[in-house]
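These values consider heavy atoms only, across backbone and side chains, with no hydrogens, waters or symmetry-generated copies. Worth saying up front: this structure is predicted, and the values here are computed from it rather than measured. Reminder, nothing fancy here: chain letters follow the sequence lines and each chain counts from 1.
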Amino acid sequence: MADAAMHGHDHDHRDFFTRWFMSTNHKDIGILYLFTGGIVGLISVIFTVYMRMELMHPGVQYMCMEGMRAPGGNGQTGAGLGWVLYPPLSTTEAGYAADLALFAVHLSGASSILGAINIITTFLNMRAPGMTIHKVPLFAWSIFVTAWLILLSLPVLAGAITMLITDRNFGTTFFAPAGGGDPILYQHILWFFGHPEVYIIVLPAFGIISQVISTFSKKPIFGYLPMVYAMVAIGVLGFVVWAHHMYTTGMSLSQQAYFMTATMVIAVPTGIKIFSWIATMWGGSIEFKTPMLWAFGFLFLFTVGGVTGIVLSQAAVDRAYHDTYYVVAHFHYVMSLGAVFGIFAGIYFWIGKMSGRQYPEWAGKLHFWAMFLGSNLTFFPQHFLGRQGMPRRYIDYPEAFAYWNWFSSLGAFISFASFVFFIGVVFYTLFAGRRVTENNYWNEYADTLEWTLPSPPPEHTFEQLPKPSDWDHSHAH
Amino acid sequence: MPYRWLPPDPATPRQMHLQLWAHHSLTRTGFVGFVGATAALALVPMLALLGQMVLWVIMAFFGAAIWAIWAAITRNIRDRSYAEDLILTPEQAHLIHRRGTAASREWRANTHWVSVAVYPKGGPVEDYLTLRGAGREVELGSFLTPDERRALRDDLLRHLADLRGAVSPAAP
């Protein structure tokens, strides 16, 4: 049309390899993340089921005893060091496996930082005209806070594992007492990353739950600004509580008292969010579609996990619970029954938008109930095991712990079956699901910009800037 | 609105200068505030490592991360720096397109023969605004919203009429 124009939309139709292996389209990259995460998640879940098979009965049935190559814990990083990589084991473990594992963690960390930079730049610099900071949807806010946490915590992990590498290979003694170093120093640095990491895991789920609950309650989210700043507060506070993972390392009582108090303070903004979600549903017209079931499950089960977190925050109590199954129960409730339920809520909420095909409602509900039953059966008995004194990261245990371990393993198998069923639901949906014809197949309270687009959205999403009337509705943000 | 008519320069009273720029949601103040706050918060835990060798190891990675976010936002601002300048005199219309780091492009035409066209549909964007003259048609304000382009069209027609009236044979 106009020769001074710079419209670069004239690229030819891309073949499969170009589209999926050389993508610069954020929607396709998001789908790649989902599938990669799903495949890797499936592999790790299979390892988990293998561990629960071993732990179903006392005695060693399947795992190799030689050199104790596979003690408990799913984060082995292939080198038998546990995901936390504590020295002196990580600095003295012979062979290349540990060095390769450390390199892999570096690569993963660098990748996360680059993704976080991308998200932050987009959130700050590329909002539609009129979309001020306090009009951004809550899911976008949750991802922004997550990205900010990644930007600040991953470099610390990178520093810690670099020092492990130099201790292993270049004669430094950052963590070796013989050379003036301290293995507890590593723990401080690691957990300075490690605690924000758990908020990195759960904050996106908070954002998803906000979108889902407001849609299926047919009400705007209660208290938009407090919800935003609660997430910011959780993010900031998450940086000052790390040593609650280290109560038994010999810190002074003053240090323990501080970290105990700071950890309890995080319950305040978290409680604001839980009560706001409940207030959102209060007086609303609730529709129990699959995403809402997952959101309900999240609300209840994340709260259960959160209250055991308060229990563990008490240093005197943690003296007994540290490194027992009580801790395992706590973090699985907040992660496997919190973040994962949030992820499933999001998948069922947005799969129609992403693919143009909708999942069968009966299948989504069946997946939910099977996962709810299975995951609760897996992790609730672990509270009892922890209280009975069963340690973490063991492949065998005394007969006295057999009863609840059996139930826990049964729950794991049911959860695994539900996950396999879910994979079937996804593939059925993508290849044979009912085609979606409306832009917004939920209701008017799904009022963020993606619901103004066809399903799936066109390649360039918005060919022209969205107008405020597209997204700035009077009843919701 | 991301366009403005600059006040006339006393040295060239019959020149009108229109500037248009693409919307940036992050202001300069916001950019400084965000990077500054992030860097300041990142330095707080460094206090605990003062006097230790470990400080330098961690600082190196922190420094790289802060530099990376600064560089990414700066690069994004530069790449999205779409700006246009339209300088109108009774004799000449001069349009300059700047697109990020690409070389700027220019168009000149006789003001008297310049026409303004709007394509409500069928153009790359809704209410696509163009100027025709000197055998070419060039776009104007494609990065604005449709409402802004409609308002700009009315402004342009008024200003072009003023300029043409200034050189009309009937004028003294």
(message) For a 4.5 angstrom cut-off between non-hydrogen side-chain atoms, does A/Phe174 reach B/Val54?
(response) yes
(message) Counting only non-hydrogen atoms closer than 4.5 Å, does B/Thr27 touch chain A with its backbone (N, CA, C, O), its side chain (CB onward), both, or neither?
(response) neither
(request) Side-chain contact test, heavy atoms from C-beta onward, threshold under 4.5 Å: evaluate it for B/Val44 versus A/Phe239 and give yes or no. (result) no
(message) Counting only non-hydrogen atoms closer than 4.5 Å, does B/Arg75 touch chain A with its backbone (N, CA, C, O), its side chain (CB onward), both, or neither?
(response) neither
(message) Is B/Leu131 in contact with chain A via its backbone, its side chain, both, or neither, using a 4.5 Å heavy-atom distance?
(response) neither
(message) Could you tell me if the side chain of A/Thr121 sits less than 4.5 Å from the side chain of B/Leu26, heavy atoms only?
(response) no
(request) Over all heavy atoms of both residues, which pair between A/Ile117 and B/Ala68 is shortest? Give the atoms and the distance, please. (result) CD1-CB, 3.3 Å
(request) Please look at B/Phe31 and chain A and tell me whether the side chain, the backbone, both or neither of the residue comes under 4.5 angstrom of a heavy atom of that chain. (result) neither
(message) Less than 4.5 Å to any heavy atom of chain B: does that hold for the side chain of A/Leu465, its backbone, both, or neither?
(response) side chain
(message) How close do A/Pro129 and B/His23 get, counting heavy atoms only, and between which atoms?
(response) CA-NE2, 3.5 Å
(message) Once rounded to the nearest 0.5 Å, what's the spacing between atom CH2 of A/Trp148 and atom CZ of B/Phe34?
(response) 7.5 Å
(message) Could you tell me if the side chain of A/Met126 sits less than 4.5 Å from the side chain of B/His24, heavy atoms only?
(response) no
